[in-house]
S.K.: 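I'd like to ask some things about the structure below.
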Amino acid sequence: MSRTVVNVKSDVQAVLNELENKNIRNIFFVACGGSSAIMYPAKYVLDREATTLTSDLYSSNEFIHRNPRQLGKESLVILCSMSGTTPETAEAATFAKSKGAYAVALTNEPTSPLAQNADSVIKYEWGNDVDAFETNLGVLYQLVFGVLSVVENNGKFAKAVSSLENLQSVYEKALQYEKENARKYAEANKEEPVIYTMASGANYGAAYSFSICILMEMQWIHSHAIHAGEYFHGPFEIIDENVPFMILLGLDETRPLEERALSFSKRYGKKLTVLDAKEYDLSGIDEEMKGYIAPLILNRVLRQYAEELAEARNHPLSKRRYMWKVEY
Ligand SMILES: N[C@@H]1[C@@H](O)[C@H](O)[C@@H](COP(=O)(O)O)O[C@@H]1O
């Protein structure tokens with residue numbers, strides 16, 4: 001086991017030990033942008049697994065201003081910020097603590113303002129070279145299944161951990177499988193002014209992050225992440241042969257929504273890119289975890305698509321005009 005994997009495990013365990021002595025009844029996921037997107041699958045896990053715990057997901061500043069009535073001593077607030085410097089997320093930790101809640105920060109920067117404001121910190125690693133187990137998504141799942149185990153005796157913690165330990169090799173096979181597709185996608189889409197994304201259930205966060213972080217923030221391409229269930233209640237009027245869609249198919253219980261949206265899109269659209277988790281080799285992932293793990297794989301593959309697109313468009317993923325540059 002690498003040193004960073006050992007650290008992640010002990011950070012998660014330290015939080016779980018703290019929770020043993022508390023009476024947690026509700027969980028609030030709080031973050032912004034890409035860090036918020038990673039929380040959608042965690043919320044899906046809680047909806048599917050929790051028998052008494054309730055959970056909800058908030059953009060950090062909305063969390064503070066909406067001030068949910070149930071936030072209090074029986075709340076666990078899970079905050080995430082890679083830099084730990086996003087002001088509204090750091091402030092949300094202080095706000096949560098002021099209400100008596102227990103605030104856990106997930107960050108790549110354990111000395112950051114967010115980390116300092118929280119009760120506990122779990123450090124995650126970031127970048128293409130780190131193991132899936134120690135990324136933000138990997139760490140958040142360990143925490144969520146750990147909380148389910150401590151608070152509700154849910155028995156899936158060990159299955160989640162072993163599946164996450166095997167995830168890196170699944171990523172590598174999926175990236176290899178999609179390599180040429182990603183390159184072709186970039187060539188075919190490099191001049192497109194707008195690209196929509198679509199998914200449901202555990203996978204919606206991956207579509208959301210590709211839309212707002214990759215296409216809008218990092219490529220300045222118009223986009224919107226459409227929920228596959230909502231597609232038929234407005235957005236489907238937009239599809240025709242000229243409108244590009246990135247459609248995700250996961251393995252969770254909402255897959256029929258994604259399949260329905262795809263089959264309609266195939267009737268009227270031509271520029272469809274489909275990432276289907278069914279096509280990937282998921283050896284090492286526990287059967288009961290596959291639906292939960294699929295968005296992590298789709299998210300990793302989407303990063304490969306993003307890198308190819310940035311290359312083909314000669315627009316680096318690091319390029320910004322406002323973020324971190326002007327007042328906002
Ligand atoms: N794509 C994300 C943004 O959505 C986010 O606003 C920013 C700060 O995020 P964090 O709070 O995780 O440091 O980082 C990335 O660029």
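We use all heavy atoms of the structure for the numbers below, so side chains are in, but hydrogens, waters and symmetry mates are not. Counting starts at 1 for both ligands and their atoms, in listed order. Residues take their numbers from the sequence shown, with the count starting at 1.
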S.K.: Does ligand 1 come near enough to Cys80 that some N or O of the ligand is less than 3.5 Å from an N or O of the residue?
M.R.: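 Looking only at distances, the answer is no, because the N/O contact criterion of under 3.5 Å is not met.
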S.K.: Answer with yes or no whether the hydrophobic clustering places Val147 together with Leu46; edges join I, L, V, M, F, W, Y residues whose side-chain heavy atoms lie under 4.5 Å apart.
M.R.: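 Val147 clusters together with Leu46.
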S.K.: Counting from 1, what ligand 1 atoms have a heavy atom of Cys213 closer than 4.0 Å?
M.R.: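 This gives 1 (N), 4 (O) as the contact atoms.
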S.K.: Kindly assign one of parallel, tilted or perpendicular to the pair Phe236 and Phe264, based on the angle between their ring planes and the thresholds 30° and 60°.
M.R.: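 Geometry flag for Phe264 against Phe236: tilted rings.
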S.K.: Report the part of Ser35 in contact with ligand 1, treating N, CA, C, O as backbone and CB onward as side chain, heavy atoms under 4.0 Å; options are side chain, backbone, both, neither.
M.R.: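 Just the side chain.
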S.K.: Answer yes or no for Arg320: is there a heavy-atom contact with ligand 1 below 4.0 Å?
M.R.: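 In this structure, Arg320 qualifies as a contact of ligand 1 - some heavy atom is under 4.0 Å.
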S.K.: Report yes if the distance between the aromatic ring centroids of Phe28 and Phe63 is under 6.0 Å, otherwise no.
M.R.: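 Distance test on ring centres: under 6.0 Å, yes.
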S.K.: Check the orientation of Tyr208 and Tyr40. Use parallel for under 30°, tilted for 30 to 60°, and perpendicular for over 60°.
M.R.: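 Tyr208 vs Tyr40 ring planes: tilted.
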S.K.: Measuring from atom 2 (C) of ligand 1, which candidate in Met82, Glu88, Glu217, Glu109 has the nearest non-hydrogen atom?
M.R.: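 Residue with the shortest heavy-atom distance to the ligand atom: Glu217.
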S.K.: Any idea how Tyr292 and Tyr44 line up, ring-wise: parallel (<30°), tilted (30 to 60°), or perpendicular (>60°)?
M.R.: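 Tyr292 vs Tyr44 ring planes: perpendicular.
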S.K.: If we only consider heavy atoms of Trp324, is any one of them less than 4.0 Å away from an atom in ligand 1?
M.R.: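 A heavy atom of Trp324 does come that close to ligand 1.
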S.K.: Go through ligand 1 atom by atom and flag the ones less than 4.0 Å from a non-hydrogen atom of Gly33.
M.R.: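 Selected atoms, number and element: 4 (O).
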S.K.: Please report which non-hydrogen protein atom sits nearest to atom 13 (O) of ligand 1, along with the residue it belongs to and the distance in Å to one decimal place.
M.R.: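 For this ligand atom, the closest protein heavy atom is Ser83 OG, 2.6 Å.
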S.K.: Tell me the protein heavy atom at minimum distance from atom 4 (O) of ligand 1, and give that distance in Å.
M.R.: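 Looking at atom 4 (O) of ligand 1, the protein heavy atom closest to it is Gly34 N, 3.1 Å.
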S.K.: Distance-only, no hydrogens or angles: does the Asp119 side chain make a donor-acceptor pair with backbone N or O of Val104 under 3.5 Å?
M.R.: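 Absent.
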S.K.: Parallel, tilted or perpendicular for Tyr231 and Phe245, by the 30°/60° rule?
M.R.: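 Ring orientation, 0 to 90° scale: perpendicular.
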S.K.: Is any side-chain N of the basic residue among Asp47 and Lys43 closer than 4.0 Å to the acidic one's carboxylate O?
M.R.: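 Salt bridge flag = yes for Lys43 with Asp47.
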S.K.: May I ask which of Thr107, Leu79, Thr86, Ile214 has a heavy atom nearer to atom 9 (O) of ligand 1 than the others do?
M.R.: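 Looking at heavy atoms only, the winner is Thr86.
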S.K.: Look at atom 6 (O) of ligand 1 and say which protein heavy atom is nearest, naming residue and atom and giving the distance to 0.1 Å.
M.R.: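 Among all protein heavy atoms, the one nearest atom 6 (O) of ligand 1 is Met323 CE, 3.8 Å.
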